[in-house]
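For reference, the structure I am asking about is given below.
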Amino acid sequence: NYFEFQLVAKAPFTFRETSAHTTFSDSLESAFQSEILDPARIGELRETLAHNFESAFTQLLEEFQATLLADSNLLEGLIEAKVYPRALKILHRMKGAALNLGFAPMAVKVLQIHQYLSREEYSQVDVLYKELQVEVERATDLSLKLLQC
C-alpha cells in the first residue's frame with residue numbers, strides 16, 4: 001500500500017528533525033532566560049525566515065561569529081590607541097549585526113560607547129568597553145553553542 005509506505009519512510013526523518021529542533025530551541029530558550037537574546041527579535045526572524053529559520057539563522061550566526069571576532073579585535077586596538085573615528089565605524093557595524101540577530105545587551109553596550117565617542121566624551125569609554133567585552137564573550141559562547149546543535 002503506497003500510503004503506508006509514505007508514513008514509514010517519513011517517520012525517521014521527522015524524528016531526527018524534531019530532535020535537532022528541540023536542542024536548538026532549548027538553546028534559544030536558555031539565551032532568552034539569560035537575556036543574551038531578545039525574544040521579540042528572534043520571533044520576527046522566525047516569521048521572516050519561516051520554515052528555513054534554523055538553517056538561515058545558523059548561517060547568519062556563522063557570519064556574525066566570523067565578523068565579531070575580527071571586529072572586536074580591531075576595536076580593541078583602536079580604543080587602546082584612541083583612534084576613535086575608525087572605532088566609530090566598527091561600532092556602527094557591530095551594532096547593526098547585534099541588533100539584526102537579537103543580541104540586545106551587546107547592541108546596548110555598543111550604542112553607549114558609540115554615543116560617548118560621538119560626543120567626544122572619552123571618560124567612560126574604557127569602562128564601557130570592558131562591559132562590551134563581556135557581552136561579546138556571551139554572544140560568542142551562545143553562537144558557538146547554537147552552531148553545535
(message) With heavy-atom distances below 4.5 Å as the criterion, would you say the side chains of L28 and R46 are in contact?
(response)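 Yes; the side chains approach each other to less than 4.5 Å.
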(message) Count I, L, V, M, F, W, Y as connected when their side-chain heavy atoms are under 4.5 Å apart, and connections chain through other members. Are V127 and Y129 then in the same cluster?
(response)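 No; Y129 is not reachable from V127 via cluster members.
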(request) Could you check if a side-chain atom of I79 sits within less than 4.5 angstrom of a side-chain atom of V125, using non-hydrogen atoms only? (result)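 They are in side-chain contact.
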(message) Nearest 0.5 Å, please: how far is CD in E44 from CG in L49?
(response)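 So the CG of L49 and the CD of E44 are separated by 11.0 Å.
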Result block: side-chain N/O donor-acceptor pairs under 3.5 angstrom for residues 82-104, not counting sequence neighbours:
residue	atom	partner	partner atom	Å
R93	NE	D71	OD1	3.4
R93	NE	D71	OD2	3.0
R93	NH2	D71	OD1	2.6
N100	OD1	R41	NH2	3.0

(request) Applying salt bridge (Lys or Arg N to Asp or Glu O under 4.0 Å), name anything that partners D38, two or more places apart in sequence or on another chain. (result)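 Per chain and number, D38 pairs via salt bridge (Lys or Arg N to Asp or Glu O under 4.0 Å) with no residue.
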(request) Flag yes if V136 and L147 sit in one hydrophobic cluster, no otherwise; membership is Ile, Leu, Val, Met, Phe, Trp, Tyr, and two members link when side-chain heavy atoms are under 4.5 Å apart. (result)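 Yes.
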(request) Check whether L69 and L142 end up in the same hydrophobic cluster, where Ile, Leu, Val, Met, Phe, Trp and Tyr are linked by side-chain heavy atoms less than 4.5 Å apart. (result)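 Cluster IDs for L69 and L142 differ.
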(request) Is it possible for you to say whether V108 and I42 belong to one hydrophobic cluster, with membership spreading through side-chain heavy-atom contacts below 4.5 Å? (result)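 Different hydrophobic clusters.
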(request) Can you establish whether the number of heavy atoms outside E121 located under 6.0 Å from its atom CD is more than 12? (result)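 It does: E121 CD has more than 12 such atoms within range.
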(request) Might you confirm whether atom CD of E62 has over 12 heavy atoms from other residues, nucleotides or ligands at distances under 6.0 Å? (result)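 More than 12 within 6.0 Å, yes.
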(request) Verify the cluster assignment for F53 and F64: are they in a single hydrophobic cluster under the rule of side-chain heavy atoms below 4.5 Å apart? (result)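 Linked, F53 and F64 end up in one cluster.
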(message) If I take atom CG from residue L132 and atom CE from residue M106, how far apart are they, to the nearest 0.5 angstrom?
(response)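 One gets 6.5 Å once the value is rounded to the nearest 0.5 Å.
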(message) Nearest 0.5 Å, please: how far is OG1 in T58 from CG in L146?
(response)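 So the gap between those two atoms works out to 7.5 Å.
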(message) I need the E135 CD to K109 NZ distance, nearest 0.5 Å.
(response)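 Going from the CD atom of E135 to the NZ atom of K109 covers 7.0 Å.
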(request) Using salt bridge (Lys or Arg N to Asp or Glu O under 4.0 Å) as the criterion, list what pairs up with E35, not counting sequence neighbours. (result)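 Result, salt bridge (Lys or Arg N to Asp or Glu O under 4.0 Å) vs E35: none returned.
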(request) Mind listing the closest non-hydrogen atom pair of I36 and P105 along with its distance? (result)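 I36 and P105 have their closest heavy atoms at O-CD, 3.3 Å.
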(message) Can you tell me how far apart OG (S27) and CZ (F32) are? Round to the nearest 0.5 Å.
(response)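 S27 OG to F32 CZ: 10.5 Å, rounded to 0.5 Å.
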